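Everything below concerns the one structure shown next.
Note on naming: letters A, B, ... go to the chains in the order of the sequence lines (proteins, then strands), and numbering restarts at 1 for each one. Bear in mind the structure is a predicted one, so any value in this text is a computation, not a measurement.
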Amino acid sequence: MADGDDLAELAKRRGFFFGSVDAYGGVAGFQTYGPHGASLKDNVETAWRDRFTVREGNHEIEAPTVMPEAVFDASGHTDDFDDMLVRCGACQTPHRADHLIEDETDIAEAESMPTAEAESLIAEAEIVCPECEASLAGEPVESFNLMFETEIGPGSGQAGFLRPETAQGIFVEFPRLKQYARNSLPFGVTQIGPGYRNEISPRGGLERLREFTMAELEQFVHPEDDGPSLEPVADVTLPLYPAPAQADPDGDVRELTVADAVSEGVLTSSWIAYYLGVARRWYERVGVDVDRFRFRQHNPGELAHYASDCWDAEALIGASVDADRANPEDGYWVEIAGFAYRGDYDLSKHAKHSERRYTVFREYEEPQTVERVTVDPDMSVLGPEFGGDAGAVRDALETLAERNPDAFDDEEVTVEIETDGAPADGDASDADGDSDTDAAEGGNDSDAGDDSSVETVTVDTEVANFTVEEVTESGEHVVPHVIEPSFGVDRTVLTLVDHAYREDVVDEESRTYLELDPEVAPTTAAVFPLVSNDDRLVALAGEVAQTLREHGLSVTEDESGSIGRRYRRQDEVGTPFCVTVDRDGIESEGAETVTLRERDTAAQVRLPVADVAAELTALIDADSQTTFADLTERYEVVETGTRTGVAETDTPEP
RNA sequence: GCGCUGGUAGUGUAGUGGUAUCACGCGACCUUGCCAUGGUCGCAACCCGGGUUCAAAUCCCGGCCGGCGCACCA
């Protein structure tokens, strides 16, 4: 039922969310949450924290939103967000200039070249538009950066960026965070906060923002970790849309339990499987319609640079549904979360760029005895003999010792070094076996050798100080792998409002209401005097409202207009309960009573004033399982004659 | 970013080269009825800048914002 326009109108009129800075013409990609929206969003974040931080025993941190350039150089965002565009003057199609140059010339890496150089290369190579074959020579190459750049400190302060994801704030602090987790895997770190992307063309209100809120969990695990016990979520049914099914015209979403999805191999990571199960339940808890929800696997070509597998949670929004919330029509799918297997990509990158240790020490079950070869060259001999090349000789000896220990059996040992006087290429540190994507860089060794020569040098084996020793290793340093469930909070809020949007009929009058879950609804209860010309009712309503607020409940008061109008106002913003003070409640024998009305059914019960706070608290508690129906068992049901229902003439949306 | 299209009270709208219609809404008072649309009174708008014109909210140009399509969404 949620027509996009109706929803946007409601959100604007009733203060959920709206475009920011209207007074100055507005600014695309930014939305302001009004009072109801901010409350709803905060409740969503609280529910997320409860589930993904507290109940998982994870650790929440809060990192800065501004980070120095080095962080994003390491994470790969500086490169990936700084793209060169050239626009065809004839057909206006924009192209990645660096990709064109890589395709049309023998330059393998054009991404980091200056735009001026790219422009002249395009002209020299006579590159044409792939669309219409018009010449691109002379067209300006513009770089655009999806990260917001800023300067840290005055003057020539260091370059900084507003973070495009919260994750790096966790990754960079890993060496410390692992201490807090007592150096043992697995552990998870969460963060909720804003991220920034200078989108080229933000559109669709909350759907695509330049500043948006993410709730992210980085689950650090041992690379050979068997995964968590799936027992808690084994029976949860997942609507899975695997990559092969998307490519198949007959492919469709499969409803599989977590256990079956793993045993059938649809889900290959049990950590992903576990969190899909947890997420599926959480979404249902906060009010996502499970009939308009699925997990879609990324196609191989769609994966981000850091991910080896990724499943998105997607919600169908803008769809019209029938009275039973079934058979959604039209609408479109939006990504509301991603569950990525990031491997050791991020930690390895930070380890390399920062030269800190991004590892966890893991003890073997049994200490292992291994032979270790070492060379500890006598630099007091090598130094005088080789001068500036002494360091290169030492490095060459170390490399040789690892590759061919037998070479040290003779009295002399021979190695080859490059003698260009320049410091040895720092690539020696690459020998730690990590497999970065630096294959392309490695290819330039031959170019660099122009003014250097390879020289063979001979060293006394004794000077090399070669030893083979048996050492006992009690464990190893491993770079953890990361499983990242990353939630878009704004899109979740949008989905909740969209899925909660209802139209039905009360006493032959149509009404619009939001069937928000009581746990996340902006206002838990509204308190009314039935009529406002009776001071006793007004006074008691005020007292009840104050009492409820002191119990931590979000409460609004309203004595303006007819009781029916006030109920509708609350229905429209999704307030699940209304408390009404009437004369029957204060004039009859015994304790004062009030009526409690439930939003969706408009049914009422009468209960003592003293019970209201406790009952409402139970109703919004996700764990208590208390529902309004339970109250109808325990309290007197008020017969009002009012009935809700869906309009019989359910005309489809135009 | 390109193309098309739009921008009038809080919201949705009508309309015009001479400052504006209606509805809902909101407020006050009357009414006190358990499910919005009883009564009276009131509040509140032509996106911004430039041009044409005696006069521009209206016509023209540019900008900003929205919608749709394309592109983009590591």
**ring pair (Phe, Tyr, Trp, His ring centres under 6.0 Å): pairs with one or both residues in residues 578-599 of chain A, sequence neighbours excluded** =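 Counting only pairs at least two positions apart or across chains, no ring pair (Phe, Tyr, Trp, His ring centres under 6.0 Å) contact touches residues 578-599 of chain A.
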Both distances under 3.5 Å, Watson-Crick or G-U wobble: report the partner of [N], or none.
N: B/U52; result: none
N: B/U58; result: none
N: B/U21; result: none
N: B/C70; result: B/G1

**Message:** I'd like to check the salt bridge (Lys or Arg N to Asp or Glu O under 4.0 Å) partners of A/Arg536; sequence neighbours left out, ordered by chain and number.
**Reply:**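 With sequence neighbours excluded, A/Arg536 shows a salt bridge (Lys or Arg N to Asp or Glu O under 4.0 Å) to A/Asp534, A/Glu587, given in chain and number order.
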What residues from [range] pass a heavy-atom cutoff of under 4.0 Å to RNA chain B?
range: residues 22-35 of chain A; value: A/Gly25, A/Gly26, A/Val27, A/Ala28
range: residues 63-73 of chain A; value: none
range: residues 203-213 of chain A; value: A/Arg203, A/Gly204, A/Arg208

**Message:** Do A/Arg511 and A/Tyr513 form a cation-pi contact, if we require the NZ or CZ to be under 6.0 Å from the six-membered ring centre and within 45 degrees of the ring's axis?
**Reply:**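 Output yes; distance and angle both within limits.
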For [X], which residues count as a side chain to side chain donor-acceptor pair (under 3.5 Å) partner, sequence neighbours excluded?
X: A/Arg14; value: A/Glu572
X: A/Glu314; value: A/Arg294, A/Arg296
X: A/Thr523; value: none
X: A/Glu615; value: A/Arg634, A/Tyr635

Any base atoms under 4.0 Å from [X], or only sugar-phosphate, or nothing? Heavy atoms, all strands.
X: A/Arg599; answer: nothing
X: A/Arg14; answer: nothing
X: A/Thr601; answer: nothing

**Message:** By nearest heavy atom, map A/Ile563 and A/Lys12 onto RNA chain B; which one lands nearer the 5' end?
**Reply:**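 The residue closer to the strand's 5' end, by nearest nucleotide, is A/Lys12.
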Please tell me if the side chains of [X] and [Y] come closer than 4.5 Å, counting only heavy atoms from C-beta onward.
X: A/His350; Y: A/Gln168; answer: yes
X: A/Asp312; Y: A/Trp333; answer: no
X: A/Thr213; Y: A/Lys41; answer: yes
X: A/Ile272; Y: A/Ile483; answer: yes
X: A/Tyr501; Y: A/Glu515; answer: no
X: A/Thr65; Y: A/Tyr196; answer: yes
X: A/Leu631; Y: A/Leu596; answer: yes

Between [N] atom [atom2] and [X] atom [atom1], what is the distance in whole Å?
X: A/Asp558; N: B/A36; atom1: CG; atom2: P; answer: 15 Å
X: A/Leu7; N: B/G67; atom1: CG; atom2: P; answer: 13 Å
X: A/Phe17; N: B/G66; atom1: CZ; atom2: C1'; answer: 15 Å
X: A/Tyr345; N: B/A74; atom1: OH; atom2: P; answer: 14 Å
X: A/Tyr332; N: B/G69; atom1: OH; atom2: P; answer: 10 Å
X: A/Glu9; N: B/U13; atom1: CD; atom2: P; answer: 9 Å

[atom1]-based separation of [M] from [N] [nearest Å]:
N: B/C60; M: B/U5; atom1: P; answer: 12 Å
N: B/G62; M: B/G6; atom1: P; answer: 14 Å
N: B/C61; M: B/G12; atom1: P; answer: 27 Å
N: B/G15; M: B/C48; atom1: C1'; answer: 23 Å

**Request:** Look at A/Thr642 and B/C35 and indicate whether a side-chain polar atom (N or O) is within less than 4.0 Å of OP1 or OP2.
**Result:**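 Answer yes for this pair, as a side-chain N or O of A/Thr642 is under 4.0 Å from OP1 or OP2.
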**Asked** Does A/Arg13 place a side-chain N or O at less than 4.0 Å from the phosphate oxygens OP1/OP2 of B/U11?
**Response**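 Answer no for this pair, as no side-chain N or O of A/Arg13 is under 4.0 Å from OP1 or OP2.
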Sort me out a list of protein N/O and nucleotides 25-31 of chain B N/O pairs below 3.5 Å, or just none if empty.
residue, atom, partner, partner atom, Å
B/G25, OP1, A/Arg565, NH1, 2.9
B/C26, OP1, A/Arg569, NE, 2.8
B/C26, OP1, A/Arg569, NH2, 3.0
B/C26, OP2, A/Arg565, NH1, 3.4
B/C26, OP2, A/Arg569, NH2, 3.4

**A/Tyr567: ring pair (Phe, Tyr, Trp, His ring centres under 6.0 Å) partners, not counting sequence neighbours** =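 With sequence neighbours excluded, A/Tyr567 shows a ring pair (Phe, Tyr, Trp, His ring centres under 6.0 Å) to A/Phe528, given in chain and number order.
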**Prompt:** Quick one: ring pair (Phe, Tyr, Trp, His ring centres under 6.0 Å) partners of A/Phe293, sequence neighbours excluded?
**Reply:**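 Only A/Tyr283, A/Phe295 meet the ring pair (Phe, Tyr, Trp, His ring centres under 6.0 Å) criterion with A/Phe293.
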Using a distance-only criterion (donor-acceptor N/O pair, under 3.5 Å, no hydrogens), is the base of [N] paired with the side chain of [X]?
X: A/Arg197; N: B/C73; result: no
X: A/Asp582; N: B/C34; result: yes
X: A/Glu199; N: B/C72; result: no

**Asked** Looking at the side chain of A/Val531, which of B/G33, B/C34, B/U11 is the nearest nucleotide?
**Response**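 That would be B/G33.
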